Amino acid sequence: MEAERQVFLASAGLKTAYTPRSTSFCAQAMLSGEILEVRDASKDPRFADFALVKGEAHVRFYAGAPLISAEGAALGALCAFDTEPRPEGLTPVQREGLLVLADAVKRRLLAHRSANKANAELRISAQRLQFMLDSVPDIAWSAAPGPVFDFFNARFGETTGAPPPQTIEGWRDVIHPEDFDASAVRFREALLAPQPFEDEWRLRQADGGYRWVLSRAVPSSDDPLTARWFGTLTDIDEGRRVREEREMLAGELAHRIKNIFTVVIGLISLNARGDAAREAFAAILADNIRALSRAQEYALEMNRIAADDLAGLIEMLMEPYRVQGTKSVRIAGDAVEFGPRAATPLALVFHELATNSAKYGALSVSQGTVTIAIERRGDEAVITWQERGGPEAKAPETEGFGSRLVTFAIARQLAGRMTHNWEREGLRTVIELPLEQLMV
């Protein structure tokens, strides 16, 4: 029932699609709140002049059940017409059947309304999502199994000036020729797993130039036959160029510092010639400077290599003391990160321990071993140096230059503690360092 007319949404045996609301049987039925029966409309003053009664439709009998919404709003009616009067009216069974059918219609109308509401909400949600995806600075895409790329946000066209690709091979038009083949292989491997994909390559811009992007994609499930894929392209061109410049500068700096260390060692050796005491001291000092050189090189490389933890530094420092073909040095334990400033004092400590072991301890014999265990205990890193298989450990009678240097490095530069235990099976040294101090 509309404002000015009555519309028959579905009907059988009636040719009329609508009638004016003012001459509508259903307008009366829907307001009555119960079944309306008109047994002979031609004799009912309310309806006798209606077009449906006087006209070709020749309506005489009418029975209509009102359709009332759950909120109490009158929506219309479900009705039955006849061209013959029915003085006896509806039977109880017919009345019950009409009410049952009316309830079915109301449920249908409710379902239709709910579906319309849900579709409207979905459209609004889709519009919001589309707006959000088109507003982000990244390129976003999705792909159906295959893969068939079926969605790109507006940023793709704005950035590349090219139509969106539908297949992997279609990406060849927008990926730098030097990058496409390798990246396509990695993406196909991710599709087979399936597993998250990440790569860096150059994306062609609308002006014909190229910019580096970070390409990421994730599957919707672990089934390669049904998984959809969702991905993004993030512009990293400026960051990558800055990183390349820093790596170049770091390499140049490392080379220059290494040359300085070499010159210093040469000057020490030159000025110590001809004096046995000076030569011995110069040899110790030169060894320490070489250890510092290795630590400094490691610190400069920390941002470019994966092993930036304490175990990685110790591995590098102990490499010259390993006996080929044996497990003379073992390093294990927890991962402990450290900052570049801690590399120098740590290098001094482990260089001194390794040098003394090579001269007097376990590393001075072929069967000797050194185990270095790293453990995180609360807010401290505890490093245990354990020698076995060498000569019986004995405490030195006097503290040498190297020992004083190590003590200074541990206490003053790293705010830590170091204790030596001269055990029969070998030296046991425990170093306790605050994690906060290591990260400085």
Side-chain angles (χ1 to χ4, degrees), residues 116 118-252 303-306:
N116 285 342
N119 289 335
E121 290 175 350
L122 285 174
R123 286 193 297 271
I124 294 173
S125 178
Q127 291 170 357
R128 289 174 179 170
L129 178 60
Q130 184 70 49
F131 177 78
M132 181 187 70
L133 291 174
D134 288 341
S135 301
V136 298
D138 292 356
I139 293 173
W141 58 263
S142 69
V148 178
F149 296 89
D150 54 10
F151 170 81
F152 286 83
N153 66 345
R155 192 67 64 187
F156 182 88
E158 294 170 0
T159 301
T160 66
Q166 295 182 336
T167 64
I168 293 178
E169 190 63 27
W171 283 87
R172 188 181 292 275
D173 295 335
V174 294
I175 297 180
H176 195 285
E178 296 177 2
D179 304 334
F180 175 78
D181 290 332
S183 188
V185 168
R186 284 191 285 270
F187 185 54
R188 287 190 174 98
E189 291 174 351
L191 291 174
L192 294 175
Q195 60 187 9
F197 166 81
E198 184 173 310
D199 196 11
E200 294 182 10
W201 39 262
R202 286 163 286 183
L203 178 69
R204 186 173 63 80
Q205 306 295 295
D207 61 4
Y210 287 89
R211 291 181 67 85
W212 283 98
V213 297
L214 173 62
S215 175
R216 288 175 171 158
V218 293
S220 62
S221 70
D222 57 3
D223 185 349
L225 298 179
T226 61
R228 285 190 62 86
W229 285 80
F230 303 91
T232 58
L233 303 179
T234 305
D235 190 307
I236 58 169
D237 194 75
E238 293 184 8
R240 186 180 175 102
R241 295 185 189 281
V242 169
R243 185 178 68 191
E244 290 175 349
E245 291 176 0
R246 287 179 177 175
E247 289 179 354
M248 182 180 68
L249 290 174
E252 180 64 21
N303 292 329
R304 293 195 288 169
I305 60 179

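None of the values given here were measured: they were computed from a predicted structure. These numbers come from the heavy atoms of this one structure, side chains and all, not from hydrogens, waters or symmetry mates.
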Q: Kindly state each residue pair satisfying salt bridge (charged side-chain N to carboxylate O under 4.0 Å, His left out) with at least one member in residues 230-241, sequence neighbours excluded.
A: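 Counting only pairs at least two positions apart or across chains, the salt bridge (charged side-chain N to carboxylate O under 4.0 Å, His left out) contacts touching residues 230-241 are Glu200-Arg240, Arg211-Asp235, Arg211-Asp237, Asp237-Arg241, Arg240-Glu244.
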Q. Can the ring centres of Trp201 and Phe187 be said to be less than 6.0 Å apart?
A. no
Q. With side chains defined as the heavy atoms from C-beta onward, is the minimum distance between Asp181 and Arg172 less than 4.5 Å?
A.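 A side-chain contact exists here, since the closest heavy-atom pair is under 4.5 Å.
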All side chain to side chain contact (heavy atoms under 4.5 Å, CB included) counterparts of [X], not counting sequence neighbours:
| X | value |
| --- | --- |
| Arg216 | Glu198, Leu214, Thr232 |
| Asp138 | Thr234 |
| Ala182 | Arg186 |
| Arg204 | Ala162, Val174, Tyr210 |

Q) Stepwise, does the side chain to side chain contact (heavy atoms under 4.5 Å, CB included) test hold for Arg128 with Ile124? A) CA-CA 6 Å; Arg128 289 174 179 170; Ile124 294 173; 3.6 Å; yes
Q. Nearest heavy-atom pair of Gln195 and Trp229: which atoms, and what distance?
A. O-CH2, 3.2 Å
(Q) Quick check: closest heavy atoms across Pro165 and Phe152, and the distance to 0.1 Å? (A) O-CE1, 3.4 Å
Q: Find the distance between OG (Ser183) and CZ (Arg202) and round it off to the nearest 0.5 Å.
A: 11.5 Å
**Q.** Nearest-0.5 Å distance, OG of residue Ser215 to CG of residue Leu233
**A.**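 CG of Leu233 is found 5.0 Å from OG of Ser215.
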Under the 3.5 angstrom rule, does the side chain of [X] hit a backbone N or O of [Y] as a donor-acceptor pair?
| X | Y | value |
| --- | --- | --- |
| Thr159 | Arg155 | yes |
| Asn153 | Ala140 | yes |
| Thr160 | Phe156 | yes |

Q: Apply the test ring pair (Phe, Tyr, Trp, His ring centres under 6.0 Å) to residues Phe149 and Trp171: give CA-CA distance (whole Å), side-chain angles for both, the deciding distance (0.1 Å), then the verdict.
A: CA-CA 10 Å; Phe149 296 89; Trp171 283 87; 5.6 Å; yes
Show me, pair by pair, the donor-acceptor contacts under 3.5 angstrom made by side chains of residues 217-226, not counting sequence neighbours?
residue : atom : partner : partner atom : Å
Ser220  : OG   : Arg228  : N            : 2.8
Ser220  : OG   : Arg228  : O            : 3.4
Ser221  : OG   : Asp223  : N            : 3.4
Asp223  : OD1  : Leu225  : N            : 3.0
Asp223  : OD2  : Thr226  : OG1          : 3.4

